[in-house]
Amino acid sequence: MKSAVQLVVVGSSNTDLVLPCPRLPRPGETLLGGELARYPGGKGANQAVAAARAGARVDFVGGRGDDDFGAAAAAGLRAEGIGVRHFRVYPRAPSGVAVILLGGRERQNQIVVARSANDAITPAAIRAARAVLARADAVVAQLEIPLPAVQEAARLAKATGVPLILNPAPARALPASLYRLVDTLVPNEHEARLLSGQRDPARAARALRRRGCRRVVVTLGARGALVSDEKGERTWPAVRVRPVDTVGAGDCFTAWLAVGLAEGLDLDAATHRALRAAALAVTRAGAQPGMPWRSEVAP
Ligand code: RIB
């Protein structure tokens, strides 16, 4: 096992404005909530922080505005030891913001992400980071930035023989060519269903593998995760915890899975460790502040 693997995370950065409520509201309904909280978030930046705390050396490739939220996001990543040379400033766009409701006993979330500098990231900006991509042990991406930028990262990763871990969130239809560039696809149940048209996670995973990705791990929330590779499908249970904040749990899982695979763990062992990490993350408030440290998720 290498001591510190090198990851590149290509993706979004947001400031999360989180409002706890007794339960999630129905359309047209007004509820009285708790106190509004502000945390660093964004699927890409969350995964970068989770991977850094898991022990990887991480570079973040993303975009932000020339404003206070963006400056705070960059400072936060830097403080985690993450390389931000390719976290570009797009002066004409605001930094990313996500409005999040967190409600009910299971602390489920509803998230709306504002249009922002995340949407300004171009394939050229990804190409500018090709030297760090080529040196990486794994590239991790999600779908909160424009698809052409994700495709470019996937293309560069494939060309340099670096495995791509794609968390297809938020879900959207993907071009057939992208699946063939993915080493490990990590959708949640909803995303797996939307991408494959299959309700059952095992069928969905098989259908997605037939499109060309080598392996699929479907996260099942409190039920754990289903893994699918050439050996077939297995479901591993989640660690039972009392949830405080589920925002970023999927990001935590994806990052720990990527670090585990980059360190040479097999898919099942990497999944077990990622499930332990994600369970810890849901017991803590805030996407990035809640990411666990390696010493807490031993070994
Ligand atoms: O996956 C959770 C993240 O989704 C939040 O941090 C929010 O910013 C949105 O990007």
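Counting starts at 1 for both ligands and their atoms, following the listed order. All residue numbers in this chain count up from 1 along the given sequence.
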A98 neighbourhood, listing ligand 1 atoms whose heavy-atom distance to it stays under 4.0 Å: 7 (C), 8 (O)
Residue and atom name of the nearest protein heavy atom (relative to atom 2 (C) of ligand 1), distance in Å to one decimal: D251 OD2, 3.3 Å
G250 heavy atom under 4.0 Å from ligand 1: no
Residue pair R107 / V244: nearest heavy atoms and the distance that separates them: NE-O, 3.3 Å
Exercise: do S13 and R64 side chains pair donor with acceptor under 3.5 Å: no
hydrophobic_cluster_shared for I121 and L147, side chain cutoff 4.5 Å: yes
Working for salt bridge (charged side-chain N to carboxylate O under 4.0 Å, His left out), residues D137 and R57: CA-CA 10 Å; D137 295 296; R57 282 182 289 127; 5.8 Å; no
Any donor-acceptor N or O pair under 3.5 Å, side chains D59, Q6: yes
Side-chain ion pair, K43 and E191, N-O less than 4.0 Å: no
Closest approach of any protein heavy atom to atom 4 (O) of ligand 1, naming residue and atom: K43 NZ, 3.1 Å
Option of least heavy-atom distance to atom 3 (C) of ligand 1 (set: N46, N109, I100): N46
Parallel, tilted or perpendicular: ring planes of W236 versus H272, cut at 30 and 60 degrees: tilted
Numbered atoms and elements of ligand 1 in range of G41, under 4.0 angstrom, heavy atoms: 6 (O), 8 (O)
Residue, atom name and distance, where the atom is the protein heavy atom closest to atom 5 (C) of ligand 1: D16 OD2, 3.3 Å
Any N/O pair N14/ligand 1 closer than 3.5 Å: yes
Sub-4.0 Å heavy-atom contact, G248 with ligand 1: yes
V18 backbone acceptor or donor facing D16 side chain under 3.5 Å: no
For atom 10 (O) of ligand 1, closest protein heavy-atom neighbour: E144 OE2, 2.6 Å
Residue G42 vicinity, atoms of ligand 1 by number, heavy atom under 4.0 Å: 5 (C), 6 (O), 7 (C), 8 (O), 10 (O)
N/O separation below 3.5 Å, V247 to ligand 1: no
